[in-house]
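Quick notes on the structure that follows.
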Amino acid sequence: MTSAPTGEPLVRLTGVNKWFGDLHVLQDVDLTIDRGEVVVVIGPSGSGKSTLCRTINRLESIERGEITIDGTPLPAEGKELAALRSDVGMVFQSFNLFAHKTILENVMLGPVKVRGKSKAEAEKRARELLDRVGVGHQADKVPAQLSGGQQQRVAIARALAMDPKVMLFDEPTSALDPEMINEVLEVMVGLAKDGMTMVVVTHEMGFARRAANRVVFMDGGRIVESSDPETFFTSPTSDRAKDFLSKILNH
Ligand SMILES: Nc1ncnc2c1ncn2[C@@H]1O[C@H](COP(=O)(O)OP(=O)(O)OP(=O)(O)O)[C@@H](O)[C@H]1O
């Protein structure tokens, strides 16, 4: 278990609805994430987990409902959105690093361009973060020279360099070879222990047990259960969650 959340709401989704054409992919989603809380989102394929994660920084728009971060509603577009978005760090399955820039440049870019930090300040912080995620010695390489696990750790450092209020992880280990999964999860567990507010979409149930304050189970675009990991894994209440767990835990 990680450090205790504060009980102060940081991210709040109220009555969120989203459609892709006729597909009602998020249905009346209400979710409050407290400062310092680690929420792991699990559920069957296509249940809307990624979409939920992506709506939190408006990578996906919503048709109905409201999302606030630190009490401020997420605007639909423009400079205000860019500012709010930089408070939300996002780590994707596919790393999304700039291929022709060095690791160090990848991590410095956002703080210099978006946060207006000096290059010296950004470099100092970038080096600290790269050391923290265990790739400081690779700073002058380009992404293709690193393993997938190392690239994902750089992606985490890059997001942290923006000093986000909350970090979103959308299946951060799904594209990795099995032997690299743990090195990324360890970095995430460390962040959780340090009190970072995190929303993590993952199929890694071990991470959920170790690091989550709360597990949110989605099915068919709805939040079906929301409880602490111990309760969720030992006594899920819905048939859908029981069915899901029996399938994945038998593998
Ligand atoms: N850009 C899009 N356009 C149309 N449909 C989409 C789009 N993105 C997702 N969908 C559909 O919305 C539904 C929910 O997708 P989402 O990726 O959020 O599910 P998920 O729970 O994260 O699934 P998985 O575990 O497979 O990643 C799926 O049926 C998916 O095919």
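As the structure lists them, so they are numbered: ligands from 1, and atoms in each ligand from 1. Below, all heavy atoms of this structure are taken into account, side chains as well, without hydrogens, waters or symmetry copies.
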contact_flag Gly21 ligand 1 heavy-atom lt 4.0 Å: no
Atom 9 (C) of ligand 1 [closest protein heavy-atom partner, distance rounded to 0.1 Å]: Phe20 CE1, 3.4 Å
Any non-hydrogen protein atom less than 4.0 Å away from atom 31 (O) of ligand 1: no
Side-chain ion pair, Asp163 and Arg115, N-O less than 4.0 Å: no
Heavy atom of the protein closest to atom 19 (O) of ligand 1 (residue, atom name, distance): Gly48 N, 3.3 Å
Which of the ligand 1 atoms, numbered from 1, are nearer than 4.0 Å to a heavy atom of Pro44: 21 (O)
Gly46 N/O to ligand 1 N/O under 3.5 Å: yes
Mode of Leu23 contact toward ligand 1 - side chain, backbone, both, neither (heavy atoms, under 4.0 Å): side chain
Test item: side-chain donor near acceptor, Asp170 and Ser50, under 3.5 Å: yes
Lys/Arg cation over aromatic Phe233: Arg209, 6.0 Å, 45° cone: yes
Proximity to ligand 1 by part of His203, non-hydrogen separation under 4.0 Å: side chain
Closest protein heavy atom to atom 17 (O) of ligand 1, given as residue, atom name and distance to 0.1 Å: Ser50 CB, 3.6 Å
Contact partition for Thr51 relative to ligand 1, non-hydrogen atoms under 4.0 Å: both
Test: Lys242 cationic atom under 6.0 Å from Phe244 six-membered ring centre, within 45° of axis: no
From the candidates Val41, Val25, Asp170, the one that places a heavy atom nearest atom 13 (C) of ligand 1: Val25
Path from Leu185 to Leu146 over hydrophobic side-chain contacts below 4.5 Å: yes
Ligand 1 contacted by Arg54 (non-hydrogen, < 4.0 Å): no
Pi-cation contact, Phe232 with Arg214 (under 6.0 Å, within 45°): no
Distance-minimising heavy-atom pair for Met90 and Ala159: N-CB, 4.2 Å
Protein residue, atom and distance nearest to atom 26 (O) of ligand 1, heavy-atom basis: Ser45 OG, 2.6 Å
For atom 27 (O) of ligand 1, closest protein heavy-atom neighbour: Glu171 OE2, 3.1 Å
Any Gly43 heavy atom less than 4.0 Å to ligand 1: no
Protein heavy atom at shortest distance from atom 25 (O) of ligand 1: Lys49 NZ, 2.8 Å
Closest non-hydrogen atom pair, His203 against Ser174: CD2-OG, 4.4 Å
Side chain to side chain contact (heavy atoms under 4.5 Å, CB included), paired with Val41, selected from Val215, Ile223, Thr202, Val201: Val201
hydrophobic_cluster_shared for Met162 and Val112, side chain cutoff 4.5 Å: no
Pair Arg127 + Asp131: basic N to acidic O under 4.0 Å: no
Atom 2 (C) of ligand 1 protein-contacted (non-hydrogen atom, under 4.0 angstrom): yes
